[in-house]
Structure formats: C-alpha cells, structure tokens
Amino acid sequence: MQGQQRTREMNLFTDIRTLVLDCLAALQAEGVLPADLEMNNVTVEPPRDATHGDMATNAAMVLAKPAKMKPRDIAEALAARLTADPRITAAEVAGPGFLNLRLDPVVWQQVIATVLRAGKDYGRANVGQGRKVNVEFVSANPTGPMHVGHTRGAVVGDALASLLDFAGWDVTREYYINDGGGQVDVLARSVYERYREAHGLSPEIADGLYPGDYLKPVGEALKAEHGDKFLGKPEGDWLPLFRSYATDAMMAMIREDLAALGVEMDIYSSEKALYGTGKIEEALATLRDMDLIYEGVLEPPKGRKPEDWEPREQTLFRSTAHGDDVDRPVMKSDGSWTYFAPDIAYHYDKVQRGFDLLIDIFGADHGGYVKRMKAAVSALSSGRVPLDVKLVQLVKLQRGGEPLKMSKRAGTFVTLKDVVEMVGPDVTRFVMLTRKNDAPLDFDVDKVLEQSRDNPVWYVQYAYARINSVLRKAEAQGLDTADASLAGAALSDLSHPAELALIRKMADWPRQVEIAARAHEPHRVAGYLMELAADLHGHWNLGNDAVELRFLQDDQAIMRGKIALARSVGVVISAGLAILGVTPVEEMR
RNA sequence: GGAUCCAUAGCUCAGCUGGAUAGAGUGUCGCCCUCCGAAGGCGAAGGUCGCAGGUUCGAAUCCUGCUGGGUCCA
C-alpha cells in the first residue's frame, strides 16, 4: 500500500518498533521465546532522559511474565538481534528491563531529507484508515451572534477535524441548527418588537425576550419587505414568517462569524427539518423494536425534597440498558417531544449516513446530556459507532488582568467578532488550543499580543520568522533554498548533539500526530509546536557563542546542510500550524 | 442530593492514554552579556503529584472511597 509505505518511512518510531517485532518473531522462530505472545503492548518511545539513548523499548518487561522468563534474558537476546541491524549502533539493558537503543546519526540526519521531501504532508498518519468521522461542533442556537464560549468550541472542533483528516480519517464538519425549540419563538417575538420599532413605535422588550441591538436590522429588513401589514396583528399571523426570517438572518450572521475565524462547515443540519418528515418517529420506532421505549413513571430525583414533583406517565427511553444512570423521557405527558427526541433522530441520521465515528463538541454546561446521547447512539448503531463527546470548558476573557464580563440577557456580551477584531483569527485560534478542552481557559486580549516568551503564539511565530529570515540571508549568499534542492544537501556534518536533538524533535512529530489524533486532543499539537519552537530558539542561542552551530556559514556546502535543518524545522512548524488553522508569519514586525 | 470535569513547584500549566531521578514558563536568588544571530543567556533553590486504599514487575496516569472547587440537573 502506497499510503502505509509512506507512513512507515515518515515515522521513525514505528519503523524501529517494526524492527523490534521482527526480531522478536525471529526469536520465537528459534524457540528462544514461546510462540504465542501478545505483542500489542510492546512500545518504542523516546526516553524521558536523553542520556538513556535515542529510543527505548519495554518489550522485555512486557513479555517477561507471559514468556515465563526473566526480563534481562529477553532483553539481552533481543539486543543481540537488534544490533545486527545497521541502523542500531547500540542496545543496552537498563533499569527494570528497558532496552535503550542508539541509532546511527545517519538515520537521524535522513529525517531532514524526509521532511523536506514530504513538505506539508510530513507527519501524515493513517490511524483513520480512510474511515468516516463526523465532527459536530459549535451548534449555537440561532438566536444571536456567537460569543467567546462558542468560539472555543468552534476552534477545538475545527482543529480536531483537521487533525483527524491529517491522521487519515475521512472528515465531515457539521453544524446542527437548533431551530426547532421554543427559543426561536422567543427570537421571533423579539424581532417583532424590533419590527414595531422600525415603524417608529417603542419596542416592548419583555422579560425573557432577546434585547440585543443586533435584531434591529432584522426588524428593519422585515419592514422594508412587508411594510406595516403585520402591525397590530395577532401572533398567529406573523410568527411562522418571523421565525424563519429571523433564524435565517441569525444563521447568516453566525456563518459570517465562523468565516472570520476561518471555520468552514461541510454541512448545516436543521432540527426543524426533522419535524414532519417522520425522522423522529422512525428513530423511536427503531428503539421501540429493540424494546427500549416504554411508557412509565420516573422515580423522583433523590435528595432535595421535590416540591412540584408529581408522578407522571411519560414515554421513556431505556437508556440504562446502554450505560445511562436513569431512563430518559422522549415525550412529555402532553404528547409533545422533549429536547432529547430530535437529538436522537439527528444522531440516528448520522449513523445512517455511514459514519464510523461520531464526535460532538459541547459546552461544559451540556455535560449532563452526554450519557443519554451515548446511550442513544450505542443503541441505534447496535454498538457499532462510538460517540465521543468533548466538553469545552469556559473561557475567562480578560484585558490586562481584568475580566471582561458578558451577559447575553443584558444584550451586552463579547462576541466572537469582537475578539477576532481585537487580536486576529490566528491568535484567537492558537490561544484557544493552548489548553486541553476540559480545562478552563484564561484569555487575556492584551497578553496574547505581547512579544514575550510567555506568549506562546508569538513564540512559535517568531521561530518560524527567524527561520525565514535566515533562509533569505542564505539565498542572498547565493544558496538555492528551494526544498527540493535542500533535500539533496549533504547532512553528515550535522552531528553536534544540539543539532541531533533538534532533529529528534522533528522525528517525534509523526508520533505526536498519532497520539493527538487517537486521543482526539488537538491541543497537543499546540504543545508540541511550543516545544519545537523552544528547541529552535535554544539552538539559535547556542549559535551566539558557537559559530559552527549557526545556520549561516561561509562554506556553502556546510551552510547547505545547516539551512536544510533550519528549513525542515520551518516545514514542521507550518504543518502543525496548518492543523491548528493558523497562518505562519514570514516576518516579525 | 445526583451527574460530570478538575486538583501536579509560590503562581500559570505540560506530562506520551501504565514506564526509569515528575517537566516547562513565570516569580525568587546568584552569575554573565550590551553582542543587532535584537526583542537576553547560564545556573541554583523550590514537590507527601488533594487524602486513603486497591490493581502489577512499575501508578501523577487505571479502579474504589473520601475531601475541596467549577459546571449542569424537575
């Protein structure tokens, strides 16, 4: 397979792991090791401590027990086999049974050529094997502009989608429009007041209506299109029209906000569109066939004394059969659907569209919804399709250490657009990915624009800009700095420990991609980039004292290798930034 | 009351989904540099990984209970 072949060449760690497994198989063939051994737990990783060598394998420790042998004996037999490979220069047993490997520097140096030849595809993985994944994210109610909380979900979802794509998944980015519930009626009534206002009447923004100014243009547009024919008319005359008009306007605004962030959805699905199509009934019928729907009365919630609690018979989903804590109502006693019913139908639809994996990005306030959603997907796909729900915690927006408060009810809140206008889409995206999704995030709009070490965005961008600066200078000295040319540079001169350390960091990139993709954690990419940038800057600083470590050299042949190293770091940085959706800057100003 | 997430250096946080002596940044302390390969550099001190058990060759990581905090729930 072409793809797998390429992956093997790019990820040095899986290369060496394959070698380890081959050696173990040979030992089995010789009868040194028993035939039936589980090898899945055998890993090849960079050691925490660089003095331990280049790579370490735990094979001897993992296999000791099932093979009924001492770890040391296995390790020594394995070491003897491994050192027969030209890539391995040393293999020594250490600690409780680790096997520390040292690789021929040539192997490391070749990483540079690999990076330069692969370009932006360096690190592409095949963990997805072309399977289909649906990432549903943002899914903000179409009742107003997106605020900072949504922004984090948007960035996390988009970056996760890019990461999975990079790791070999077939990705669909999807937005679920919650336009079926009561909140869009509220929206329509709010817009009606703005419509009245457009006619010179004073709006009555009753408690519970959306007070934001952003609805004024919608009211005016309705006036321009329909004149005064809805003034003084009963709600039934205008509600449906106002509802769809307003949600369309809100969705247009949300799409603009997303575009400002650089987020492009593949599909917008509508909750409203599920009604009347039989989709909900179909999904529930499927569950009913599985004996997972029944009429019943829920236990009152434990603990706090239920004041207005009364036992009511409802239509319930037996979600406890799929891991939930209690069964959940899908239809209220008055015969109307609960919020849960269309969500079931929507996820059923996703299952039917053939996805092998579903991912939902929710705000942390929807955490209570996770178990029932997982139960529904588990039931409706007969356990075939996993649903992973990533909960995105709050963003604490600050300016110079002071909190920027937001309140949707008062109509004064910091929108996504505000933030993007203040700091730009690239900074917004990067900062949103500097923490794992389930940890709260501090976002200081002043700090993220500082040029300092503790501003991670700047730090990574600066590394990239430095590399480009040095490339320009090398070019001015007559060097061909095209990647294709640099890929042919002689690299044997790059043998200084600092240079090899930098290369090792780059060699780790494909591995980090796999780890991040498997864990569904795009923030790891940002973390890796900060480390790579730190290594680049550290190496740069060494050049202040040690002239032979500078990228710019008098000797063209030597400089060519150094520049190849610099450029390959730049390639990896831009590959990582591409996953985050951040544009690298060529020059600092 | 239940669900869920979190708890790691003074502070802000990483930590490879079980590996070796737990890492950065910042702050503190000490030294060096004034170099445009500028937007500092080197080093030191600083830890019962919330607490208590359990699982195993091995736990910050997995399981159970507890404590404290965020979020959610008719």
Side-chain angles (χ1 to χ4, degrees), chain A residues 13 41 43-49 51-53 56-58 60-65 70-72 93-100 149 298-312 314 324-326 328-329 332 338 362-372 389-394 396 434-442 444 447 450-456 458-459 462 465-467 469-470 473 508 511-516 518-521 523-524 526-528 530-531 534-535 537-547 549-553 566 588-589:
Chain A
F13 290 91
N41 293 330
T43 60
V44 172
E45 294 175 342
R48 193 173 305 210
D49 188 338
T51 62
H52 289 147
T57 179
N58 63 354
M61 285 182 291
V62 173
L63 299 178
K65 199 170 194 182
K70 287 180 190 162
R72 236 196 148 71
V93 188
F98 283 103
L99 194 52
N100 290 331
L298 281 178
E299 294 282 314
K302 291 168 198 158
R304 192 149 60 98
K305 286 277 183 278
E307 290 142 26
D308 54 347
W309 176 264
E310 52 181 90
R312 279 180 304 226
Q314 297 173 297
D324 202 354
D325 304 307
V326 289
R328 306 290 180 173
K332 301 179 211 162
T338 62
F362 287 172
D365 52 342
H366 290 83
Y369 226 62
V370 173
K371 279 194 177 180
R372 74 190 69 174
V389 180
K390 308 300 273 186
L391 295 178
V392 177
Q393 283 289 345
L394 292 178
K396 278 180 269 177
T434 51
R435 295 272 177 273
K436 53 187 164 201
N437 58 281
D438 46 17
L441 173 76
D442 290 329
D444 192 310
K447 223 174 206 170
E450 276 174 18
Q451 299 199 344
S452 73
R453 173 74 179 84
D454 62 343
N455 176 2
W458 175 83
Y459 199 62
Y462 183 34
R466 264 187 162 169
I467 290 165
S469 153
V470 99
K473 286 184 183 162
D508 202 34
R511 207 176 135 262
Q512 291 296 334
V513 169
E514 290 191 17
I515 291 168
R518 261 189 250 279
H520 305 163
E521 291 181 349
H523 77 276
R524 288 177 185 274
Y528 171 83
M530 290 189 270
E531 286 174 17
D535 288 358
H537 290 307
H539 189 266
W540 183 282
N541 289 329
L542 290 177
N544 289 331
D545 295 328
V547 179
L549 290 180
R550 297 185 178 187
F551 295 118
L552 294 173
Q553 297 286 329
M588 302 305 281
R589 309 190 159 272

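Below, read A as the first sequence line, B as the second, and so on, with proteins coming before strands; counting in each chain starts at 1.
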> Tell me: CD of A:Gln393 to P of B:rC6, nearest whole Å?
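Going from A:Gln393 (CD) to B:rC6 (P), I get 9 Å.
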> Nearest to the side chain of A:Asp438, which nucleotide is it out of B:rC5, B:rU12, B:rU71?
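Closest nucleotide to the A:Asp438 side chain: B:rC5.
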> What is the base-pairing partner of B:rU64, counting Watson-Crick and G-U wobble geometry with both distances under 3.5 Å?
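Here B:rU64 is engaged in a pair, and the nucleotide opposite it is B:rA52.
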> Rounded to the nearest angstrom, tell me the gap between atom CG in A:Asn58 and atom P in B:rU56.
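Value for this atom pair: 18 Å.
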> Just to be sure I understand the rule, does A:Ala94 reach a base, reach only the sugar-phosphate, or reach nothing, if contact means heavy atoms closer than 4.0 Å?
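The residue A:Ala94 makes base contact.
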> Which nucleotide in the set B:rA39, B:rC13, B:rG37 lies at the smallest distance from any side-chain heavy atom of A:Phe551?
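Of the options given, the side chain of A:Phe551 lies nearest B:rG37.
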> So if I take every side-chain heavy atom of A:Trp540 and compare against B:rU71, B:rU17, B:rG37, which nucleotide ends up nearest?
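Nearest listed nucleotide: B:rG37.
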> What's the gap between B:rG18 and B:rU61 when it is taken at their P atoms, as a whole Å value?
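Per the computed distance, 11 Å lies between those P atoms.
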> Considering Watson-Crick and G-U wobble pairs with both distances under 3.5 Å, what does B:rA3 pair with?
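Paired with B:rA3, as far as the under-3.5 Å criterion goes, is B:rU71.
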> Identify whether any heavy atom of A:Ala364 sits under 4.0 Å from a base atom; if not, whether one sits that close to sugar-phosphate; answer base, sugar-phosphate or nothing.
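Sugar-phosphate contact only.
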> In terms of the nearest nucleotide of RNA chain B, which residue is placed more toward the 5' end: A:Leu441 or A:Arg466?
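Per heavy-atom nearest nucleotide, the more 5' residue is A:Leu441.
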> Hey, is the side chain of A:Lys371 poking within less than 4.0 Å of OP1 or OP2 on B:rA3, counting only N and O atoms?
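For B:rA3, OP1/OP2 do not have a side-chain N/O of A:Lys371 under 4.0 Å.
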> Which heavy atom in A:Leu391 sits nearest to a heavy atom in A:Gly363, and how many Å separate them?
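Nearest pair, atom of A:Leu391 first, then A:Gly363: CD2-O, 3.8 Å.
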> So what does A:His520 hit on the nucleic acid, given a heavy-atom distance under 4.0 Å: a base, only sugar-phosphate, or nothing?
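A:His520: no heavy atom of the nucleic acid under 4.0 Å.
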> Examine the side chains of A:Arg466 and A:Tyr462 and answer whether a donor and an acceptor come within less than 3.5 Å of each other.
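Side chains of A:Arg466 and A:Tyr462: pair found under 3.5 Å.
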> How far, in whole Å, is B:rG58 from B:rG19 if one measures between their C1' atoms?
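Between the two C1' atoms, the distance is 7 Å.
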> From the options B:rA20, B:rC16, B:rG37, select the nucleotide whose nearest atom is closest to the side chain of A:Lys473.
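Closest of the options to the side chain of A:Lys473: B:rG37.
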> Compare side-chain N and O positions of A:Arg372 against OP1 and OP2 of B:rA3 and report whether any pair is under 4.0 Å apart.
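For B:rA3, neither OP1 nor OP2 has a side-chain N or O of A:Arg372 closer than 4.0 Å.
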> B:rC13 phosphate, OP1 or OP2: any side-chain N/O from A:Arg435 under 4.0 angstrom?
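Answer is yes, contact under 4.0 Å.
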> Of the listed nucleotides (B:rA20, B:rG37, B:rA3), which one gets closest to any side-chain atom of A:Asp325?
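So the side chain of A:Asp325 is nearest to B:rA3.
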> Rounding to an integer number of Å, can you tell me how far A:Asn455 CG sits from B:rU26 C1'?
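A:Asn455 atom CG is separated from B:rU26 atom C1' by 14 Å.
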> Determine which nucleotide pairs with B:rG23, using a 3.5 Å limit on both distances of a Watson-Crick or G-U wobble pair.
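For B:rG23, the partner nucleotide comes out as B:rC13, under the 3.5 Å rule.
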> Under a 3.5 Å cut-off for both distances, is B:rG58 Watson-Crick or wobble paired, and to whom?
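Partner of B:rG58: none.
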> Under 4.0 Å, heavy atoms only, any strand: does A:Arg518 hit a base, just the sugar-phosphate, or nothing?
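Counting heavy atoms under 4.0 Å across all strands, no contact is made by A:Arg518.
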> Out of B:rG19, B:rA39, B:rU12, which has the shortest distance to the side chain of A:Phe98?
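So the side chain of A:Phe98 is nearest to B:rG19.
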> Would you kindly check whether a donor in the side chain of A:Asn100 faces an acceptor in the base of B:rA20, or vice versa, at under 3.5 angstrom?
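Under the 3.5 Å cut-off, the side chain and the base do form a donor-acceptor pair.
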> Considering only atom P, compute the distance from B:rU55 to B:rG41 and round it to an integer number of Å.
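After rounding to an integer number of Å, I get 48 Å for this pair.
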> Can you check the distance between B:rU34 and B:rC51, where both ends of the measurement are the P atom (answer in whole Å)?
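To the nearest whole Å, 48 Å.
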> Take the protein atom OH of A:Tyr528 and the nucleotide atom C1' of B:rA24, then report the distance between them rounded to whole Å.
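For the pair A:Tyr528 OH and B:rA24 C1', the rounded distance is 16 Å.
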> Does the side chain of A:Asn541 get closer than 4.0 angstrom to OP1 or OP2 of B:rG41 through an N or O atom?
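Checking B:rG41 against A:Asn541, a side-chain N or O does come within under 4.0 Å of OP1 or OP2.
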> Given the C1' atoms of B:rA20 and B:rC6, what is the spacing between them in whole Å?
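Here B:rA20 and B:rC6 have their C1' atoms 29 Å from each other.
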> Strictly by Watson-Crick or wobble contacts shorter than 3.5 Å, is anything paired with B:rC36, and which nucleotide is it?
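Its partner is none (no Watson-Crick or G-U wobble pair with both distances under 3.5 Å).
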> Please lay out, stage by stage, how A:Glu521 and A:Lys390 fare under the test side-chain contact (heavy atoms from CB on, under 4.5 Å).
CA-CA 9 Å; A:Glu521 291 181 349; A:Lys390 308 300 273 186; 4.2 Å; yes
> Name the residue closer to the 5' end of RNA chain B, choosing between A:Leu391 and A:Pro440 according to the nucleotide with the nearest heavy atom.
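Nearest nucleotide further toward 5': that of A:Leu391.
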> For the side chain of A:Met61, counting heavy atoms from C-beta on, which of B:rC72, B:rG41, B:rG19 is nearest?
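The answer is B:rG19, which lies nearest to the side chain.
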> Nearest 0.5 Å please: distance from the CZ atom of A:Arg550 over to the CG atom of A:Asn544.
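With rounding to 0.5 Å, CZ (A:Arg550) is 6.5 Å from CG (A:Asn544).
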> Side chains of A:Leu441 and A:Thr434, heavy atoms from C-beta outward: is any pair under 4.5 Å?
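A:Leu441 reaches A:Thr434 side chain to side chain.
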> When the P atoms of B:rG70 and B:rC13 are considered, how many whole Å apart are they?
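Approximately 15 Å lies between the P atom of B:rG70 and that of B:rC13.
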> Between A:Asn100 and A:Ala94, what is the shortest heavy-atom contact and its length?
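Scanning both residues, the minimum pair turns out to be ND2-CB, 3.4 Å.
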> Given atom CD1 of A:Ile515 and atom P of B:rA14, what is their separation to the nearest angstrom?
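So the CD1-P distance, A:Ile515 to B:rA14, works out to 16 Å.
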> For A:Glu45 and A:Phe13, indicate whether the former's side chain and the latter's backbone hold a donor-acceptor pair under 3.5 Å.
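Judged by distance alone, no pair lies under 3.5 Å.
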> Quick one: label A:Ala56 by what it contacts on the DNA or RNA (base, sugar-phosphate, nothing), any heavy atom closer than 4.0 Å.
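Base, at least one base heavy atom under 4.0 Å.
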> To the nearest Å, how far apart are A:Glu531 CD and B:rG23 P?
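In whole Å, B:rG23 P and A:Glu531 CD are 13 Å from each other.
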> Name the pairing partner of B:rC29, where a pair is Watson-Crick or G-U wobble with both distances under 3.5 Å, or state none.
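Because both required distances fall under 3.5 Å, B:rC29 counts as paired with B:rG43.
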> Can you measure A:His52 atom NE2 to B:rG19 atom P for me and round it to whole angstrom units?
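About 15 Å, once rounded to whole Å.
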> Counting only heavy atoms from other residues, nucleotides and ligands, does the tally under 6.0 Å from NE2 of A:His366 exceed 12?
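No.
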> Which whole-number value in Å describes the distance from A:Arg511 CZ to B:rU17 P?
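The answer, rounded to whole Å, is 7 Å.
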> Distance check: side-chain N/O of A:Lys436 vs OP1/OP2 of B:rG15, anything under 4.0 Å?
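For A:Lys436, the contact criterion (side-chain N or O under 4.0 Å from OP1 or OP2 of B:rG15) is met.
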> Between B:rU26 and B:rC35, how far apart are the C1' atoms? Round to whole Å, please.
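Result for the C1' pair: 26 Å, nearest Å.
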> Choosing from B:rU71, B:rG19, B:rU4, which nucleotide comes nearest the side chain of A:Val62?
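Out of B:rU71, B:rG19, B:rU4, the nucleotide with an atom closest to A:Val62's side chain is B:rG19.
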> Taking the side chain as every heavy atom from C-beta outward, state whether A:Asn58 and A:Thr43 have any pair of such atoms under 4.5 Å apart.
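The answer is yes, as the side chains (C-beta and beyond) meet within the 4.5 Å cut-off.
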> Expressed as a whole number of Å, how far does the C1' atom of B:rG47 sit from that of B:rG10?
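Each nucleotide's C1' atom is 12 Å from the other's.
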> Under 4.0 Å: is that the gap between some side-chain N or O of A:His366 and OP1 or OP2 of B:rC5?
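Checking A:His366 against B:rC5: no side-chain N or O falls below 4.0 Å of OP1 or OP2.
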